[in-house]
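Step one of this worksheet: look at the structure below.
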Amino acid sequence: MESALKTSVRVRFAPSPTGYPHLGNIRTALFNWLFARHHGGKFILRIEDTDITRKVEGAEGVILDSLRWLGLDWDEGPYFQSQRLHYYHEVANRLLKEDYAYLCYCSTERLAVMRREQMRRKQPPKYDGHCRYLTQQEKLQLEASGIIPVVRFKMPLQGETTFHDLIRGQVTFKNSTLDDLVLLKSDGYPTYHLANIVDDHLMAISHVLRADEWLSSTPRHIVLYQALNWQPPRFAHLPMILGPDRAKLSKRHGATTIVDYKEQGYLPQAMINFLALLGWSLDDRTELLSREELIKHFSLERVSKTAAIFNKRKLEWMNGVYLRQLRPEEFIQQAIPFLDRHLPASVKRPLCSNYIRQIMPLLQERAKTLAEIPQLGSFFFLDELQYDPSLFLSSGLDAKTATQAIEIALRRLKIAGVWDANSLEGILRPLAAELNLSAGKFFGLLRVATTGCTAAPPLFQTMAVLGKERCLKRLTTALQRILTLL
RNA sequence: GCCCCCAUCGUCUAGUGGCCUAGGACGCCAGCCUUUCAAGCUGGAGAUCAGGGGUUCGAAUCCCCUUGAGGGCACCA
């Protein structure tokens, strides 16, 4: 079984360029990719651009970029359905000839009225088969009228269609609930249903792994395969990913496209790991898995059936884990573009790479995303710090004591020789005792003075990186500001 | 309205008849570490396994009903 799969697995990711890919789309791509890689099969990329009215400019480029960013490499394609119209026409003609399909001349207006009427009567909206039963004479008349018809499939009126879903098990639909779906639109493009099965067949797709929303169109596809006497692929319907309000993901939920996550500073490996765990699990404890481990262990049997609500907090945590795991040099390389883009314009570019190299280790274990690094470390770069002088008193010191403490610190630091973390600690820690201040309070004071923040990386290291000149200048400014509190 | 699917802590999940007085992770709370923050470590709160019926010596696990949620029902994918 396993070896048979190994030679024959061919799966595809088939997005339509009607928008940018969101988490759900990418999760589908990921599962297909993992399945292919696990079985040593092929992962094929196919762009389903058969709706020219909904096509979004640039969407396909974004789709490809997203896959590349995540490292989901494909073995064939991208194929474009818009360039394969002749295949669909050929199949539609064959179905027409073999009486599995018919031409339908109904106007969109008539269909809309029909549907509205059905809804009003609380009946399921369904094509009424008007053109299925045209007389020979009516056909000739309509043909002569110049109306461009669509091709509709003759859905069996009785019986039922059953298929085995690899995740859901046996699923059965009554054929009477299926309607005569359109195969070929009047603009000459196929509908999803036609193009999809034609390509899956022609491309020898072995397994269709797609989102749950397609489950109810699967019987239609099965019936089409039967009409064409083609062997259908195996199906596996993946659970959906929902927003926090349990609804389908949309713009309301904030970042939904994968590009947004890239821009917010999530790492592809974190994204992959997180997405893999949305609907799949290895066991009862493993959370962190590398790409290789995912490939090794991925299996459809461990895909869950329940829709998942995507939990951004957990993604943030996981991204932090991956950020901390980066080698320092790599962290720096990843951080630089974000610093460049998000540090205030007043900070001179190009940024000094030597300075950055010293700063980044202090930020690496504090950042959850790359995008928050500029924010976290902006005080390293700014000439003039903006902060509320009352921060000096936040630890409960009075203005007079604070003033004295900074004055003395300034005096001692001016005459400091070596300016590294150890030496600074050697000067400042005894000074706290000398001033009869707790280390926490005294260092807190200096922290505000040198960084403008009450929370920052360790004081001595921070001051060492800032350098003597900058620190003395900031302490002097701090002294001036604290005087306003007296 | 009709059809399909699903149902374990707030969220992601483990669990496939006895190992479950239900395990892990995120988040939350507390403690430790500590110059703040973060990280790390330790501990805690948090699920009468949606509800109700069965089946069985025994059910989160099997069956039925109810409820709830999601998806589909286009010349969109």
Side-chain angles (χ1 to χ4, degrees), chain A residues 14-19 48-51 53-54 104 106-108 111-112 115 118-127 148-152 165 168 171-174 176-179 181-187 189-193 195-196 211-219 237 239-240 242 244 246-248 274 277-288 302 304-318 320-321 324 362-368 376 395 425 428-429 432 438-448 451 453-460:
Chain A
S16 67
T18 52
E48 308 219 321
D49 52 347
T50 54
D51 186 350
T53 63
R54 289 203 313 154
C104 171
C106 292
S107 66
T108 49
L111 294 173
R115 224 165 269 130
Q118 287 165 332
M119 299 285 256
R120 199 185 58 75
R121 292 205 308 255
K122 304 228 181 261
Q123 287 175 341
K126 194 181 157 190
Y127 181 62
I148 302 170
V150 300
V151 176
R152 274 188 196 274
D165 186 276
R168 320 261 147 197
V171 183
T172 302
F173 286 78
K174 285 200 258 322
S176 58
T177 64
L178 276 30
D179 75 349
L181 53 91
V182 172
L183 299 175
L184 213 55
K185 301 182 263 188
S186 55
D187 64 2
Y189 280 82
T191 57
Y192 167 82
H193 304 289
N196 197 260
D212 203 26
E213 55 190 323
W214 297 107
L215 187 65
S216 44
S217 32
T218 306
H237 288 90
M240 309 257 301
L242 273 23
R246 304 205 132 271
K248 244 175 147 176
F274 176 76
L277 258 21
L278 232 43
W280 178 86
S281 62
L282 173 62
D283 54 29
D284 61 342
R285 53 195 66 253
T286 312
E287 302 285 340
L288 269 13
R302 297 204 59 86
S304 90
K305 298 177 180 183
T306 14
I309 295 171
F310 135 79
N311 176 201
K312 195 169 181 184
R313 290 298 186 102
K314 187 157 180 176
L315 206 213
E316 281 171 3
W317 162 76
M318 193 173 277
V321 171
R324 273 172 256 130
L362 298 179
L363 267 23
Q364 183 162 4
E365 68 179 289
R366 273 160 256 269
K368 284 190 158 56
L376 242 33
S395 58
E425 181 162 14
L428 296 171
R429 201 174 281 280
S438 73
K441 286 185 177 176
F442 182 50
F443 297 160
L445 204 53
L446 297 174
R447 179 172 300 108
V448 172
T451 70
C453 312
T454 52
L459 182 64
F460 310 126

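Just so we're on the same page: letters track the sequence lines, and every chain starts at 1.
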[X] [atom1] to [N] [atom2], straight-line distance once rounded to whole Å:
{"X": "A:Tyr189", "N": "B:C75", "atom1": "OH", "atom2": "P", "answer": "18 Å"}
{"X": "A:Lys248", "N": "B:G70", "atom1": "NZ", "atom2": "P", "answer": "12 Å"}
{"X": "A:Leu288", "N": "B:U13", "atom1": "CG", "atom2": "P", "answer": "17 Å"}
{"X": "A:Leu178", "N": "B:A74", "atom1": "CG", "atom2": "P", "answer": "11 Å"}
{"X": "A:Gln123", "N": "B:G1", "atom1": "CD", "atom2": "P", "answer": "13 Å"}
{"X": "A:His193", "N": "B:A74", "atom1": "NE2", "atom2": "C1'", "answer": "9 Å"}
{"X": "A:Ile309", "N": "B:U11", "atom1": "CD1", "atom2": "P", "answer": "6 Å"}

So, [X] side chain and [Y] main chain: donor-acceptor pair closer than 3.5 Å or not?
{"X": "A:Arg366", "Y": "A:Pro457", "result": "no"}
{"X": "A:Arg302", "Y": "A:Trp280", "result": "no"}
{"X": "A:Thr177", "Y": "A:Lys174", "result": "yes"}

State whether [X] places a side-chain N or O below 4.0 Å from either non-bridging phosphate oxygen (OP1 or OP2) of [N].
{"X": "A:Lys314", "N": "B:C12", "result": "no"}
{"X": "A:Lys312", "N": "B:C12", "result": "no"}
{"X": "A:Arg302", "N": "B:G15", "result": "yes"}
{"X": "A:Lys305", "N": "B:G71", "result": "no"}

Candidates [options] - which lies nearest the side chain of [X]:
{"X": "A:Asp51", "options": "B:C2, B:G23, B:C76", "value": "B:C76"}
{"X": "A:Arg115", "options": "B:A77, B:A74, B:G72", "value": "B:A74"}
{"X": "A:Arg313", "options": "B:U11, B:U13, B:G27", "value": "B:G27"}
{"X": "A:Arg168", "options": "B:C6, B:U11, B:C76", "value": "B:C6"}
{"X": "A:Phe173", "options": "B:A77, B:C3, B:C2", "value": "B:C3"}
{"X": "A:Ala308", "options": "B:C3, B:U13, B:C76", "value": "B:U13"}
{"X": "A:Ser281", "options": "B:A77, B:G23, B:A14", "value": "B:A14"}
{"X": "A:Met240", "options": "B:G71, B:C75, B:C73", "value": "B:G71"}

On RNA chain B, more 5' by nearest nucleotide between A:Tyr127 and A:Pro15 is A:Tyr127
Using a heavy-atom cut-off of 4.0 Å across all strands, would you classify [X] as base, sugar-phosphate, or nothing?
{"X": "A:Val171", "value": "sugar-phosphate"}
{"X": "A:Lys122", "value": "sugar-phosphate"}
{"X": "A:Cys106", "value": "base"}
{"X": "A:Arg54", "value": "base"}
{"X": "A:Arg120", "value": "nothing"}
{"X": "A:Ser395", "value": "nothing"}
{"X": "A:Pro149", "value": "nothing"}
{"X": "A:Glu287", "value": "base"}
{"X": "A:Arg121", "value": "nothing"}
{"X": "A:Ser186", "value": "base"}
{"X": "A:Gly320", "value": "nothing"}
{"X": "A:Thr50", "value": "sugar-phosphate"}

Run the side-chain contact (heavy atoms from CB on, under 4.5 Å) test against [X] and tell me which residues pass, sequence neighbours left out.
{"X": "A:Lys314", "value": "A:Phe274, A:Glu287, A:Asn311, A:Trp317"}
{"X": "A:Thr53", "value": "A:Asp51"}
{"X": "A:Thr18", "value": "A:Ser16, A:Arg54"}
{"X": "A:Ile309", "value": "A:Leu242, A:Arg246"}

Please round to the nearest 0.5 Å and tell me the distance separating atom CG of A:Leu446 and atom NZ of A:Lys441.
->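 Going from CG on A:Leu446 over to NZ on A:Lys441, the span is 14.5 Å.
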Atom [atom1], compared across [N] and [M]: separation rounded to whole Å:
{"N": "B:A47", "M": "B:C57", "atom1": "P", "result": "33 Å"}
{"N": "B:G53", "M": "B:C12", "atom1": "P", "result": "28 Å"}
{"N": "B:G27", "M": "B:U35", "atom1": "C1'", "result": "28 Å"}
{"N": "B:A60", "M": "B:G1", "atom1": "P", "result": "34 Å"}
{"N": "B:G10", "M": "B:C2", "atom1": "P", "result": "32 Å"}
{"N": "B:A39", "M": "B:A77", "atom1": "C1'", "result": "45 Å"}
{"N": "B:G44", "M": "B:C3", "atom1": "C1'", "result": "47 Å"}
{"N": "B:G52", "M": "B:G72", "atom1": "C1'", "result": "30 Å"}

Dump every N/O contact between nucleotides 34-44 of chain B and the protein below 3.5 Å, one line per pair.
unit_1 : atom_1 : unit_2   : atom_2 : d
B:U35  : OP1    : A:Arg429 : NH1    : 3.3
B:U35  : OP1    : A:Arg429 : NH2    : 3.1
B:U35  : O2     : A:Arg447 : NH2    : 2.2
B:U35  : N3     : A:Leu459 : N      : 3.4
B:U36  : O4'    : A:Arg447 : NH1    : 3.3
B:U36  : O2'    : A:Thr454 : O      : 3.0
B:U36  : N1     : A:Arg447 : NH2    : 3.4
B:U36  : O2     : A:Arg447 : NE     : 3.4
B:U36  : O2     : A:Ala456 : N      : 2.8
B:U36  : O2     : A:Ala456 : O      : 3.0
B:U36  : N3     : A:Ala456 : O      : 2.5
B:U36  : O4     : A:Pro458 : N      : 3.0
B:C37  : O2     : A:Arg366 : NH1    : 2.7
B:C37  : N3     : A:Arg366 : NH1    : 2.4
B:A38  : O2'    : A:Glu365 : O      : 2.7
B:A38  : N3     : A:Glu365 : OE1    : 3.1
B:A39  : O3'    : A:Arg324 : NH1    : 3.1

Mate of B:C9 across any strand shown (Watson-Crick or G-U wobble, both atom pairs under 3.5 Å) is none
Any strand, both distances under 3.5 Å, Watson-Crick or G-U wobble: B:C28 pairs with B:G44
For A:Ser176, the side chain to side chain donor-acceptor pair (under 3.5 Å) test, sequence neighbours excluded, returns none
